[in-house]
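What follows is a short report on a single structure.
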Number of protein chains: 2
Amino acid sequence: MGFREDVRKVKALADENRLAIMLALQHGEKCGCVLLEELNITQPTLSHHMKVLCDSGLVASRKEGKWMHYSLSPEGISSYREMISGYVRCDCEKEETPSACCCK
Amino acid sequence: MGFREDVRKVKALADENRLAIMLALQHGEKCGCVLLEELNITQPTLSHHMKVLCDSGLVASRKEGKWMHYSLSPEGISSYREMISGYVRCDCEKEETPSACCCK
DNA sequence: TATATACATTTACACTTGTCAATATATAAA
DNA sequence: TTTATATATTGACAAGTGTAAATGTATATA
């Protein structure tokens, strides 16, 4: 079974601060120093969380001068949702009215 | 901020064995002893994972004699997907063609 | 009652993870 | 070059987590 990579992606969101970062980036790109002001964590801790999010593919980064700009990755988001959908769904396709299933 | 409960739900899937259990239950109800045969873990470990999944709401349990029958919870699945969608999405609603966004 | 089976709980341990202080690196400005 | 700013890395530590052995509990059967 090769769930290791999927577990890594799931774990990328298994933290309060990283959930907060995902919300903070929903309205567009932000640099690290701005995120740092919004979250009650130190700079090394933020740097650690951004690395986890970027490694998962959910967040993309762009360096400009001495600033790092972070933004949600459309491909990463799409891929993440599809991955989750593979595990969090029932077998309704074999039912009589699959389109009415809760998992849709 | 109150991400604690959401983090707990995310963490419910942040384990290889629990992902495997979600797949094993996709085709319908199974009792613990059957799951035990499919996974390479001991009985106490399975019991622990089932508790985590049930507490998250993703899995429902039903006791029948000395057997515990586990199944995916439609409500739990629906709720989980909605919760994830709240974090893993961009701000496309404010764009010109939100329906064409990757996050849909 | 005695025995067997299915499952839960307790306990202990190794491993992982989030955190911050200290330090390092890179870039821009004075 | 010197100084200030933004970020990354290292190291240490406490807390959390997955695991299995041992044990407990409930139910069914002989």
Side-chain angles (χ1 to χ4, degrees), chain A residues 1-25 28-56 58-71 87, chain B residues 1-25 28-71 73 87:
Chain A
M1 348 214 155
F3 301 120
R4 217 163 304 174
E5 199 56 32
D6 287 345
V7 168
R8 255 195 54 208
K9 290 183 77 171
V10 172
K11 284 187 176 177
L13 288 190
D15 176 88
E16 288 192 49
N17 284 311
R18 292 198 289 273
L19 285 185
I21 293 168
M22 290 299 289
L23 293 187
L25 293 180
E29 191 181 66
K30 281 183 184 175
C31 81
C33 54
V34 169
L35 288 172
L36 196 53
E37 289 173 355
E38 301 183 10
L39 305 166
N40 263 339
I41 54 179
T42 63
Q43 181 271 322
T45 299
L46 174 66
S47 190
H48 162 68
H49 288 311
M50 298 319 296
K51 182 171 168 53
V52 172
L53 286 173
C54 288
D55 286 350
S56 78
L58 280 169
V59 171
S61 63
R62 180 175 66 84
K63 187 173 186 178
E64 192 184 52
K66 51 182 173 180
W67 291 279
M68 281 294 287
H69 296 272
Y70 298 103
S71 58
Y87 296 102
Chain B
M1 334 239 165
F3 301 121
R4 219 163 302 172
E5 200 56 33
D6 287 345
V7 168
R8 255 194 54 207
K9 291 183 76 171
V10 172
K11 284 187 176 177
L13 287 191
D15 176 88
E16 288 191 51
N17 284 311
R18 292 199 289 273
L19 285 184
I21 292 168
M22 290 299 289
L23 293 187
L25 293 180
E29 191 181 66
K30 280 184 184 174
C31 81
C33 54
V34 168
L35 288 172
L36 196 54
E37 288 173 357
E38 302 183 11
L39 306 166
N40 263 339
I41 55 179
T42 64
Q43 181 271 321
T45 299
L46 174 66
S47 191
H48 163 69
H49 288 310
M50 297 319 296
K51 181 172 170 50
V52 173
L53 287 174
C54 289
D55 286 350
S56 79
L58 280 168
V59 171
S61 63
R62 179 175 67 85
K63 188 172 186 178
E64 193 184 52
K66 52 183 175 179
W67 291 278
M68 282 293 288
H69 296 273
Y70 297 103
S71 59
S73 161
Y87 296 103

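Because the structure is predicted, anything quoted here is derived from the model rather than measured. Chain identifiers are assigned alphabetically (A, B, ...) following the order of the sequence lines, protein sequences preceding nucleic acid strands; residue numbering begins at 1 within each chain.
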Please lay out, stage by stage, how Cys33(A) and Trp67(A) fare under the test side chain to side chain contact (heavy atoms under 4.5 Å, CB included). CA-CA 8 Å; Cys33(A) 54; Trp67(A) 291 279; 3.9 Å; yes
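- Nearest heavy atoms, Met50(B) versus Val59(B): CE-CG1, 4.2 Å.
- Here the CG-CD1 distance, from Leu36(B) to Ile41(B), works out to 6.5 Å after rounding to the nearest 0.5 Å.
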Scoring nucleotides 17-30 of chain C by protein non-hydrogen atoms under 4.0 Å (B base, S sugar-phosphate only, - none) yields SSBBBB---SBS--
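- Taking a heavy-atom distance under 4.0 Å as the criterion, the stretch of DNA chain D touched by chain A extends 5' to 3' from dT5(D) to dT9(D).
- With Lys30(B) contributing its side chain and Tyr70(B) its backbone, the two residues share no donor-acceptor pair below 3.5 Å.
- With values rounded to the nearest 0.5 angstrom, Phe3(B) atom CZ is found 9.0 Å from Asn17(A) atom CG.
- Checking side-chain atoms of Lys63(B) against main-chain N and O of His69(B) turns up no donor-acceptor pair under 3.5 Å.
- For Glu29(A), the side-chain hydrogen bond (donor to acceptor under 3.5 Å, both in side chains) criterion is met by Arg62(A), not counting sequence neighbours.
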